[in-house]
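Counting starts at 1 for both ligands and their atoms, in listed order. Reckoned from all heavy atoms, side chains included, excluding hydrogens, waters and symmetry mates.
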Amino acid sequence: VQADTLLEVNNIEVIYNHVILVLKGVSLTVPKGGITALLGGNGAGKTTTLKAVSNLLHSERGEVTKGTIKYRGEDIHERDPAELVQKGVIQVMEGRHCFEHLTVEENLLTGAYTRKDGSANIQQDLELVYTYFPRLKERRKSQAGYTSGGEQQMVAMGRALMSRPETILLDEPSMGLAPQLVEEIFTIVKDLNEKEGVSFLLAEQNTNVALRFAHYGYILESGRVVMDGPAAELRENPDVKEFYLGMS
Ligand code: ATP
């Protein structure tokens, strides 16, 4: 393991309902300080990979049947998600998952639930979230269920930040958002990466935007990594251009 490696997924297989083999030996590495993109079409296995890491497959009757998952060299396979949050790894699920009846600010505060370092620090982090997401500050008293899709994506990301993560697993942040908002969200990801040192593993169908903001990419097809490389190289690769960037 290299000193700067945070997450190391090695040759994992995932099976749903005891029979459906969905990941067929996926390996990937997330270095400290990087934005790593997991790309591929609908059903390629991106969400399954993230959920395997954060141990969220059980409720979907999925299990990792082969391979290893390590964080900072330590085996984290089957760790309780709350324990992973303590270790600095948190997932932002696809589809935002806000508490709709709570206000924006109450949603953000739920993200601090694993912390034991006192309300002054939590208040300080809330302010930090608001500096990255000024829209959330404006809407902090609004009921989350009545905010826009883009704002809910920001709430989900802001809530994750409240746990002071080292690594965020971000599932399909662009989903259902207008291009300008997608740009806004990815710019915030880049800022968080550069200024706060947060590392990202992000799953995206929008190859174009992901490869502009990520440092490194993995392309999944039918549960296998078919290509990986620095984002700048993938952007220039003829197959990626033809099949994923739509401009052969
Ligand atoms: P999407 O962008 O649609 O989320 P994805 O690349 O994230 O795509 P996954 O959601 O990981 O893909 O799904 C990979 C495959 O696993 C798909 O064929 C999907 O139908 C299947 N799958 C996902 N969840 C389950 C489940 N709970 N039970 C059975 N099969 C599932």
If you measure from each heavy atom of Gly40 to ligand 1, is any distance below 4.0 Å? no
Is it true that Gly41 lies under 4.0 Å from ligand 1, counting heavy atoms only? yes
Heavy-atom closest contact (Ile185 atom, Met154 atom, distance): CD1-CG, 3.8 Å
How close do Leu201 and Leu50 get, heavy atom to heavy atom, and via which atoms? CD2-CD2, 3.5 Å
For atom 12 (O) of ligand 1, closest protein heavy-atom neighbour: Gly45 N, 3.2 Å
Checking heavy atoms under 4.0 Å, the part of Val22 that sits near ligand 1 is side chain
Non-hydrogen protein atom less than 4.0 angstrom from atom 8 (O) of ligand 1: yes
At their closest point, which heavy atom of Gly158 faces which heavy atom of Leu108, and how far apart are they? C-CD2, 3.5 Å
Rounding to 0.5 Å, atoms CG (Asn237) and CD (Glu233) come to a distance of 9.0 Å
Check this for me: Lys24, atom NZ, are more than 12 non-hydrogen atoms of other residues, nucleotides or ligands nearer than 6.0 Å? yes
Considering only heavy atoms, does Glu94 approach ligand 1 within less than 4.0 Å through its side chain, its backbone, both, or neither? side chain
When distances are taken from atom 18 (O) of ligand 1, the protein heavy atom at minimum range is Gly43 O, 3.9 Å
4.5 Å side-chain heavy-atom contact, Met157 and Ile168: no
For atom 27 (N) of ligand 1, what's the nearest protein heavy atom and its distance? Glu60 O, 3.2 Å
Closest heavy-atom contact between Pro81 and Ser54? CG-O, 3.6 Å
Heavy-atom nearest neighbour in the protein, as seen from atom 22 (N) of ligand 1, with distance rounded to 0.1 Å: Tyr16 CE1, 3.5 Å
What is the nearest protein non-hydrogen atom to atom 13 (O) of ligand 1, stated with its residue, atom name and distance? Thr48 OG1, 3.8 Å
Nearest non-hydrogen protein atom to atom 2 (O) of ligand 1, with distance, is Gln205 NE2, 3.1 Å
Numbering as shown, the atoms of ligand 1 that approach Glu172 to under 4.0 Å (heavy-atom distance): 2 (O)
Suppose we measure from atom 10 (O) of ligand 1 to each protein heavy atom; which comes out shortest, and what is that distance? Thr47 CB, 3.6 Å
Closest contact, heavy atoms only, Val9 versus Val53: CG2-CG2, 3.9 Å
Nearest non-hydrogen protein atom to atom 3 (O) of ligand 1, with distance, is Asn42 OD1, 2.4 Å
Are any of the N or O atoms of Ala44 closer than 3.5 Å to those of ligand 1? yes
Counting only heavy atoms not in Gln180, do more than 12 sit closer than 6.0 Å to its CD atom? no
Using salt bridge (charged side-chain N to carboxylate O under 4.0 Å, His left out), reason through Arg159 and Glu105 one step at a time and then give a plain yes or no. CA-CA 9 Å; Arg159 190 175 61 204; Glu105 186 155 297; over 6 Å; no
